[in-house]
Amino acid sequence: MPSRFFILVPADFSLPRDACSYGYFLLAPNHWQPRDQSFSRVVNLQGGPAKVTVVQPDGPGKPLKATSDRTISKPERLQAIAMFTRMLRLDEPSETIADFHRVDRRWKKAGAGRLCRSPSFFEDVIKTVTSCNVAWPSTIRMNERLCNVVGLAGAFPTPQRLARTRANTLRARCSVGYRDQRIVDLAKLFATPVNRGGVDVAWFEDPSTLDDAIHEKLLGWPGIGPYAAANIMQLLGRYARLPLDSESVRHGKTLLGFKGSDAQIMKQVKAHFEPFGAHAFRSYWFEILKHYQSLKGSSHTWDRATTGKSFTAAKMK
DNA sequence: GGTAGACCTGGACGC
DNA sequence: GCGTCCAGGTCTACC
């Protein structure tokens, strides 16, 4: 029997706008349903996986109405709320968003500011690795297969499950290619207790930890280079660095009018967004998202199977 | 510190 | 339908 509960949101929060604010809303196990503007995913709860769906029937600022596909206990409900809170950045104060709008007034009217991410730091790291050196449709495919092949009942695999999976299995059944061993090694880092050298998630998520310290630590992990490290940092809510990639070059060339080699254009893009300081990534990303939406319509009308898979570099030029 | 080439997969293209 | 080329970020070896 389904359970129903509510999730409180900040006054400025809009589910269609804020859930569909970053590409991860298109990656399994996340599922955005444009038809009824619902956001669902299978989550790993202490009693086992459960599919939870949220909608915001009363509009921006009003609570999310959540439904699970099985009865969940009160502790599981709190677990699910914590996961959606992280994913939708519901704990980011409205003042922080207002501060971003003071720095970059272009997004104030639309209210854009929160960026969708995963319910766990681990999932954000693995999703970032699956987005490296590959076209977006392949990233979609890898995440679908990781959930279906390794995850329990379609949930994203836990570090423990992924750490026990053979690299060959990931390569053959999840199409992750040469990323296979790197993904297993990352999972092992997360599955190892902190006192035995494992990842101290609390340290990464502690606002008092310095950006430079996190950046240096991330660069030491397998499969994490400058792009991935900067992307993971924005997922941690640290927006000062830009994950510069081929999309940055395209954006610099076609929309900002920069000229030169790819490396020169990346430097110009970096310099262009530096004045936005601690909010640089948000300014950069919402410009790119605006471009995508000019080609594909509002992101809350996209779905994974059709619009999602149409995102390839060649088609975005 | 900078650079070249390998690493995989899947889409695009030519035949 | 098949073969070839190319895009994509990280890693390693080398200068």
Side-chain angles (χ1 to χ4, degrees), chain A residues 22-24 26-28 118 122-150 162 165-190 199 212 214-236 241-255 258 260-270 273 281 284-285 288-289 291-292 295-296 302 304-317:
Chain A
Y22 191 63
Y24 286 12
L26 293 168
L27 298 181
S118 303
F122 172 67
E123 186 175 327
D124 276 338
V125 170
I126 300 299
K127 277 186 158 51
T128 298
V129 170
T130 65
S131 72
C132 289
N133 198 27
V134 74
W136 183 246
S138 292
T139 301
I140 290 180
R141 192 174 304 112
M142 283 185 226
N143 279 275
E144 278 172 350
R145 293 183 184 172
L146 283 171
C147 294
N148 293 332
V149 174
V150 188
L162 212 37
T165 307
R166 292 200 327 222
N168 282 346
T169 304
L170 293 184
R171 182 178 293 226
R173 300 186 59 198
C174 303
S175 304
V176 301
Y178 66 87
R179 301 162 196 78
D180 56 357
Q181 191 59 54
R182 296 172 189 176
I183 289 174
V184 172
D185 289 344
L186 283 166
K188 283 179 179 168
L189 280 177
F190 278 80
V199 174
D212 286 348
I214 290 182
H215 192 244
E216 189 184 335
K217 189 77 107 178
L218 291 173
L219 288 175
W221 288 357
I224 309 296
Y227 163 81
N231 194 58
I232 292 168
M233 291 193 70
Q234 69 85 4
L235 292 163
L236 284 167
R241 285 178 167 78
L242 299 187
L244 295 167
D245 61 1
S246 54
E247 265 303 278
S248 317
V249 174
R250 180 204 57 72
H251 189 70
K253 271 186 195 168
T254 60
L255 273 93
F258 297 149
S261 67
D262 286 3
Q264 288 169 332
I265 288 171
M266 281 202 194
K267 278 185 186 169
Q268 293 173 77
V269 170
K270 183 170 180 281
F273 288 98
F281 177 76
Y284 162 82
W285 175 252
I288 288 186
L289 183 61
H291 172 60
Y292 292 165
L295 298 172
K296 307 277 181 185
W302 304 348
R304 191 196 306 161
T306 54
T307 326
K309 289 187 177 170
S310 71
F311 281 87
T312 59
K315 289 178 184 168
M316 302 314 287
K317 283 173 183 164

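We name chains A, B, ... by the order of the sequence lines, and we start the count at 1 in each one.
- Of the candidates C/dT10, B/dG10, B/dT9, B/dG10 carries the atom nearest the A/Arg145 side chain, counting heavy atoms from C-beta on.
- Between A/Ser246 and C/dA7, a side-chain N or O to OP1/OP2 separation shorter than 4.0 Å is absent.
- Rounded to whole Å, atom P of C/dA7 lies 14 Å from atom CD of A/Glu247.
- Per the geometry, CG belonging to A/Asn168 stands 16 Å off P belonging to B/dC7, to the nearest Å.
- Candidate nucleotides C/dG8, C/dG9, B/dG10 were compared by shortest atom distance to the side chain of A/Arg179, and C/dG8 ranks first.
- Contact check, A/Arg141 against B/dG11: a side-chain N or O comes under 4.0 Å of OP1 or OP2.
- With values rounded to the nearest 0.5 angstrom, A/Arg141 atom CZ is found 12.5 Å from A/Trp136 atom CH2.
- Rounded to an integer number of Å, the gap from CZ of A/Arg171 to C1' of B/dG10 is 15 Å.
- A heavy-atom distance below 4.5 Å is found between the side chains of A/His215 and A/Arg241.
- Taking atom CG of A/Leu219 as the reference point, atom P of C/dG9 lies 16 Å away to the nearest angstrom.
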A/Val269 and A/Tyr284: CA distance, side-chain angles, deciding distance, side chain to side chain contact (heavy atoms under 4.5 Å, CB included) verdict: CA-CA 9 Å; A/Val269 170; A/Tyr284 162 82; 4.1 Å; yes
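- Atoms CD1 (A/Ile232) and C1' (C/dT10) sit 13 Å apart, rounded to a whole Å.
- In terms of heavy atoms, A/Lys127 sits closest to A/Leu27 at CE-CB, 3.5 Å.
- Regarding contacts with the backbone of B/dG10, a side-chain N or O of A/Ser175 is found under 4.0 angstrom from either OP1 or OP2.
- An OP1 or OP2 oxygen of B/dC8 is reached within less than 4.0 angstrom by no side-chain nitrogen or oxygen of A/Ser138.
- Remark: the A/Tyr178 side chain and the C/dG9 base include a donor-acceptor N/O pair separated by less than 3.5 Å.
- Between the CG atom of A/Asn133 and the C1' atom of C/dG8 there is a distance of 4 Å, given to the nearest Å.
- The interatomic distance linking A/Leu218 (CG) with C/dC11 (P) rounds to 12 Å, in whole Å.
- The separation between A/Ile183 atom CD1 and B/dC7 atom C1' is 14 Å, rounded to whole Å.
- Distance check: A/Ser138 OG to A/Asn133 CG gives 10.0 Å after rounding to the nearest 0.5 Å.
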